[in-house]
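Within every chain, numbering begins at 1; the chains are lettered A, B, ... in the order of the sequence lines, protein sequences first and strands thereafter. As the structure is a prediction and not an experimental result, all values here were calculated from the model.
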Number of protein chains: 2
Amino acid sequence: MRVDSRRSPGQRAGLTRDAVLAAARAVLATDGIQCLTMRKLAERLGVRPNALYSHVTGKTELLDAILDDVLGEVATPAHDGDPRAELRRLMTSVHDVAREHPDLVPHYLAKRGLRGPNGRKLRAATEQLLARASLPPDKASEARRVLAVYAIGFAAFSETPPSGPVGDGAPPMRDSFATGLEWLLAGILGE
Amino acid sequence: MRVDSRRSPGQRAGLTRDAVLAAARAVLATDGIQCLTMRKLAERLGVRPNALYSHVTGKTELLDAILDDVLGEVATPAHDGDPRAELRRLMTSVHDVAREHPDLVPHYLAKRGLRGPNGRKLRAATEQLLARASLPPDKASEARRVLAVYAIGFAAFSETPPSGPVGDGAPPMRDSFATGLEWLLAGILGE
DNA sequence: AGCTTAATTGGACAGCGTACAGTGATGCGC
DNA sequence: GCGCATCACTGTACGCTGTCCAATTAAGCT
């Protein structure tokens, strides 16, 4: 991936916004968010740091874009399944995706909201499922918020539990997530 | 607060760890976490930045200490009340405190866990309430985790909602929190 | 072919957290 | 009360960060 052929000013490296995003995601996956720095990213792309700013307005926009990309990995619900089952699958998928990209969760929580297109799609899909479960719109948006908070918030706590001595009696995180999710669904949809 | 009298090396400024923490909390409250920098903090205390390192091992420890301080603001539950009501009050207090210190929430979520003494106290209190509601220990720790995730996670989403046009029909955040909390308590304690 | 546009470099700036060595007041043992 | 070790603080500096500006040149359009 690294192309460190020296270039004089004016020479092009053939960068793309997508290439930058892909490289950033690679760094994120292998080295963590601490190492995702403009300079390291540029070095990996064989480019001076400033070059990135031709394809990205800044670091936060970069992170926003990656975040929305990742949100696209969430499994979209079927249009005809049982709403309760689909909601369960959808929120579990959200939770799983969040856990696969732990470094992004704090950034997501800091930005508070699903601003990108994939995020909006996700929000719409959730609300549609709640509507199909015949919740009135205001109840639906309330429930959607509760579910989103729960799914993402849980992911924030899930990684690297301190895990003192081996197996401190607590059930694995994902099972705890499923338990709480059932409670919430019961409250939202009635049992 | 600012004492910018020049000092030559060797002269003392009479700093205390508590003074540093207090000043940090003040900066946090008035200017936000972006402005909470070692240098700005030192300036406010009329001191060179390095001086802080005599009372604090680094910035992250500083934040940890503040975080645990803040956790001390949570209202501790009564020892004899109805467990369900006490749990409701306790988690609402956690949520309120988290909302009052929004900048700390991401740091809390990044650290994942209640490491300081106040945090441990909080955890113990919650688990005790759950035990008094006659949950077996493993169920109790699972439920505690679910509740903590919910209360803190919700706070992460609560501040400055994008709030497009005035009043977009969604109920206020705190009410949504209460609604979801009832759902969870119903699931945990049975209804 | 000429001209505009956009990608890239070189260099720089301000800011960050923090380490190291020196200095001198403070507090403790006698 | 004296001597000495400790510790809080300054001065300086290092390496790192995100980002801006001007100069350079390739690519694309007419």
Next on the checklist: Using a heavy-atom cut-off of 4.0 Å across all strands, would you classify B:T37 as base, sugar-phosphate, or nothing?
Outcome noted: sugar-phosphate
Checklist entry - Base, sugar-phosphate, or nothing for A:A13, non-hydrogen atoms under 4.0 angstrom? => result sugar-phosphate
Checklist entry - Quick one: on DNA chain C, does B:N50 or B:Q11 contact a more 5' nucleotide (nearest heavy atom)? => result B:N50
Checklist entry - Run the side chain to side chain contact (heavy atoms under 4.5 Å, CB included) check on A:R44 and A:V27 step by step: do they pass? => result CA-CA 9 Å; A:R44 173 184 279 241; A:V27 172; 3.4 Å; yes
Please tell me which of the listed nucleotides, [options], lies nearest to the side chain of [X]?
{"X": "A:R39", "options": "C:dT18, D:dT19, D:dC9", "answer": "D:dT19"}
{"X": "B:P9", "options": "D:dT10, C:dC16, C:dT18", "answer": "D:dT10"}
{"X": "B:R7", "options": "D:dT19, D:dA13, D:dT10", "answer": "D:dT10"}
{"X": "B:H55", "options": "C:dT9, D:dT10, D:dA8", "answer": "D:dA8"}
{"X": "A:V47", "options": "D:dT19, D:dC9, C:dT9", "answer": "C:dT9"}

Roughly how many Å is it from [atom1] in [X] to [atom2] in [N], rounded to a whole number?
{"X": "A:Y53", "N": "C:dA12", "atom1": "OH", "atom2": "C1'", "result": "14 Å"}
{"X": "A:L45", "N": "C:dT9", "atom1": "CG", "atom2": "P", "result": "11 Å"}
{"X": "B:L52", "N": "D:dC9", "atom1": "CG", "atom2": "P", "result": "9 Å"}
{"X": "A:K59", "N": "D:dC16", "atom1": "NZ", "atom2": "P", "result": "15 Å"}
{"X": "B:M38", "N": "C:dA19", "atom1": "CE", "atom2": "P", "result": "11 Å"}
{"X": "B:E61", "N": "C:dG17", "atom1": "CD", "atom2": "C1'", "result": "15 Å"}
{"X": "A:L15", "N": "D:dA26", "atom1": "CG", "atom2": "P", "result": "17 Å"}
{"X": "A:I33", "N": "D:dT17", "atom1": "CD1", "atom2": "C1'", "result": "14 Å"}

Item to check | Any side-chain donor near an acceptor of the partner, A:D64 and A:H107, under 3.5 Å | outcome: yes
Next on the checklist: Regarding D:dC7, can its base be found pairing with the side chain of B:R12 as donor and acceptor, where the two atoms are less than 3.5 Å apart?
Outcome noted: yes
Checklist entry - Do the side chain of A:R99 and the main chain of A:A155 share a donor and acceptor less than 3.5 angstrom apart? => result no
Checklist entry - Would one find a side-chain N or O of B:K40 under 4.0 angstrom from OP1 or OP2 of C:dC16? => result yes
Next on the checklist: For a quick test of reading the model: is some side-chain N or O of A:R48 closer than 4.0 Å to OP1 or OP2 of C:dT8?
Outcome noted: no
Checklist entry - Would you call A:R145 and A:E142 a salt bridge, taking side-chain N to carboxylate O under 4.0 Å as the test? => result no
Checklist entry - Parallel, tilted or perpendicular: which fits the ring planes of B:F154 and B:H95, with parallel below 30° and perpendicular above 60°? => result perpendicular
